Amino acid sequence: MGLLDFFLKNKEEDIKGFLNKGAIIIDVRTKAEYSQGAIAGSKNIPLQIIDSKIDDIKKLNKPIITCCASGMRSGNAASILKSHNIEVINGGGWANLKTKL
């Protein structure tokens, strides 16, 4: 097992752990991107407005898994949520994340 495999396996285990705790998936792509395909049950909160939705996200009282197209925007969203003391993990690209569910 290579180093990359080690990190990917750990991330997959982290995602499963979050799901076992009732995590909510937040897809931070634009509404147009989201409407072209998304994970069933996920919530669409585009990265551009996530700051304005912090209180709503905190009210969910659940861990959060962020996703987007490639993992870049969801990484930014995860950092923003972490800075507001929200339990969050970057799930990466939504299509790849969907295969892990």
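Just so you know, these numbers come straight off a predicted model, no measurement behind them.
- Side-chain atoms of K58 come within 3.5 Å of backbone atoms of H84 as a donor-acceptor pair (strictly under, hydrogens ignored).
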Could you please spell out the steps behind the side chain to side chain contact (heavy atoms under 4.5 Å, CB included) verdict for I45 and I57?
-> CA-CA 10 Å; I45 304 175; I57 295 168; 4.0 Å; yes
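- The backbone N or O of L47 lies less than 3.5 Å from no partner atom in the side chain of N76, so there is not a single donor-acceptor pair.
- Transitive grouping of hydrophobic side chains (ILVMFWY, heavy atoms separated by less than 4.5 Å) keeps I86 and I89 in distinct clusters.
- Heavy atoms from other residues, nucleotides or ligands lying under 6.0 Å from CG of N20 number more than 12.
- In terms of hydrophobic clustering, with Ile, Leu, Val, Met, Phe, Trp and Tyr side chains grouped at heavy-atom distances under 4.5 Å, I49 and M72 are assigned to different clusters.
- Shortest non-hydrogen contact noted between G91 and I15 is CA-CD1, 4.1 Å.
- The shortest distance between side-chain heavy atoms of P46 and V28 does not fall below 4.5 Å.
- In terms of heavy-atom proximity, F18 sits nearest to P63 at CD2-CB, 3.6 Å.
- Using a 4.5 Å cut-off between side-chain heavy atoms of Ile, Leu, Val, Met, Phe, Trp and Tyr, with links allowed through other members, I65 and I80 fall into different hydrophobic clusters.
- The side chain to side chain contact (heavy atoms under 4.5 Å, CB included) test with L97 is passed by exactly one of T66, N90, I39: I39.
- Atom OG of S52 and atom CD1 of I50 lie 9.0 Å apart (nearest 0.5 Å).
- In terms of hydrophobic clustering, with Ile, Leu, Val, Met, Phe, Trp and Tyr side chains grouped at heavy-atom distances under 4.5 Å, I64 and I54 are assigned to a common cluster.
- Residues L101 and I25 meet the side-chain proximity criterion, which asks for heavy atoms closer than 4.5 Å.
- E87 has no carboxylate O lying under 4.0 Å from a charged side-chain N of K62, or vice versa, which leaves the two without a salt bridge.
- A donor-acceptor contact closer than 3.5 angstrom is absent between the side chains of D27 and S42.
- Taking 4.5 Å as the limit, some side-chain heavy atom of K43 sits within range of a side-chain heavy atom of L60.
- Heavy atoms from other residues, nucleotides or ligands lying under 6.0 Å from NZ of K31 number 12 at most.
- The two residues G92 and S74 make their nearest non-hydrogen contact at O-OG, 3.7 Å.
- E33 places a side-chain N or O within 3.5 Å of a backbone atom of T30 that can act as its donor or acceptor partner.
- In terms of heavy-atom proximity, R73 sits nearest to C68 at N-SG, 3.6 Å.
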